[in-house]
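The next block holds one structure in the form of structure tokens; read it before the comments.
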Amino acid sequence: MRMNRRSALQFLSATVAFVVAQPAGRAWAQARKLKPDAASVLIVVDVQNCFIAGGTLAVPHGEDVVPVINRIAPAFQNVVLTQDWHPAGHASFASTHPGAKPFETIRLAYGEQVLWPDHCVQGSSDAALDPALNIPQAELIVRKGFHRDIDSYSAFEEADRKTPTGLAGYLKERGIQRVFVAGLATDFCVAWTALDARQAGFDTYVIEDACRAIDLKGSLAAAWKQMAAQGVQRIQSTDIDLG
Ligand code: VGL
Ligand code: ZN
């Protein structure tokens, strides 16, 4: 094709216009989205009756995570659920420590511990998964916080920071490289799970709108700050390619 100067310029500007117009297009938006693959897992943290309205430690608007999680879960071949699963008289219960009140902090053998109302007692309906959660393909349920003297916000490692749950080994044996975290609560079990996933070497994403927080004395802002510092990526459910 022979072009004079003028038509060459016209051709060039049309090309530029096309390239510039693309970012608004659906194809570009799709290409930017994260597509869960066989090496990706969705970890759904503690979506249990205890953390939902009517539960013993209800997270404000906790139930709102369920429709978001139900919408994204089908895009994941691998889904792991966690359950907070405490024995009666657990060290994290204020009622276990005479004179102590919920939401106070005390020192336990392994360090600072926030005290909570009795919650998620093993085998109770309070500890059951929210029945509205609809993820039939979920392949593993990790129960945590079952040692009477050690709490475990994280799905990977208990609060003594030395007792592993086995989840990192499970995911690595299954060839998982990317971990997406959703559930309750953003500033406790979600954040600790995401930080430990990162620590274990996984690319880690927290899906903000699929989580809700307790937010105790600035804990939510502190959690996001710490996650950002450790390279945990903060995304929205709309950033995921649902196929
Ligand atoms: C959680 C407080 C106590 C959580 C569990 O799931 O975030 N928070 N136990
Ligand atoms: Zn707990």
Side-chain angles (χ1 to χ4, degrees), residues 42-66 68-69 80-97 100-106 108 110-130 133 141-161 163 165 167 179 181-197 204 206-224 226-227 232:
L42 174 64
I43 302 181
V44 177
V45 175
D46 297 5
V47 181
Q48 295 166 262
N49 292 330
C50 31
F51 297 115
I52 303 265
T56 48
L57 181 45
V59 176
H61 307 285
E63 56 283 354
D64 293 354
V65 304
V66 175
V68 184
I69 292 171
V80 171
L81 312 176
T82 74
Q83 262 179 315
D84 213 35
W85 198 251
H86 302 308
H90 190 249
S92 77
F93 295 173
S95 65
T96 302
H97 308 273
K101 288 196 276 303
F103 310 109
E104 288 176 357
T105 301
I106 59 159
L108 294 182
Y110 53 78
E112 292 275 299
Q113 172 70 48
V114 178
L115 294 176
W116 304 103
D118 292 21
H119 66 279
C120 298
V121 171
Q122 296 172 356
S124 66
S125 56
D126 189 58
L129 294 168
D130 183 329
L133 202 61
I141 299 176
V142 177
R143 288 173 168 171
K144 60 183 182 59
F146 54 80
H147 289 123
R148 187 177 307 267
D149 299 322
I150 319 173
D151 202 3
S152 190
Y153 296 145
S154 167
F156 289 92
E157 196 177 77
E158 300 191 26
D160 62 354
R161 308 315 284 151
T163 307
T165 64
L167 180 57
V179 169
V181 191
L184 304 168
T186 322
D187 42 347
F188 288 92
C189 293
V190 167
W192 284 55
T193 296
L195 287 165
D196 281 353
T204 307
V206 170
I207 310 165
E208 184 173 13
D209 60 323
C211 302
R212 290 295 181 277
I214 296 174
D215 203 10
L216 207 61
K217 300 177 197 145
S219 55
L220 181 59
W224 281 123
Q226 201 182 354
M227 289 192 280
V232 171

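Position 1 is the first residue of the sequence, and the numbers go up from there. Ligands are counted one by one from 1 in listed order, and the atoms in each one are counted from 1 as well. Here the structure is a predicted model, which is why all the values come from computation and not from measurement.
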Would you call the rings of F51 and H119 parallel, tilted or perpendicular if under 30° counts as parallel and over 60° as perpendicular? tilted
Check whether any side-chain heavy atom of V206 sits under 4.5 Å from a side-chain heavy atom of V190, and report yes or no. yes
Protein N/O/S count near the Zn ion (ligand 2) (criterion: distance under 2.8 Å): 3
Would you confirm whether D126, through its side chain, and T56, through its main-chain N or O, come within 3.5 Å as a donor-acceptor pair? yes
Among side-chain atoms of E158 and H147, is any donor-acceptor pair under 3.5 angstrom? yes
R212 side-chain N/O to D209 backbone N/O, donor-acceptor pair under 3.5 Å: yes
For L108 and H97, what are the C-alpha separation, side-chain angles and deciding distance, and is it a side-chain contact (heavy atoms from CB on, under 4.5 Å)? CA-CA 11 Å; L108 294 182; H97 308 273; 3.9 Å; yes
Close-range residues for ligand 1, whose non-hydrogen atoms fall below the 4.0 Å threshold: D46, F51, L57, D84, W116, H119, Y153, L184, A185, F188, C189, I214
Ionic contact status for R161 with D196, cut-off 4.0 Å: yes
Between S154 and T193, the two heavy atoms sitting closest are CA-OG1, 3.6 Å
D151/K144 salt bridge by N-O under 4.0 Å criterion: no
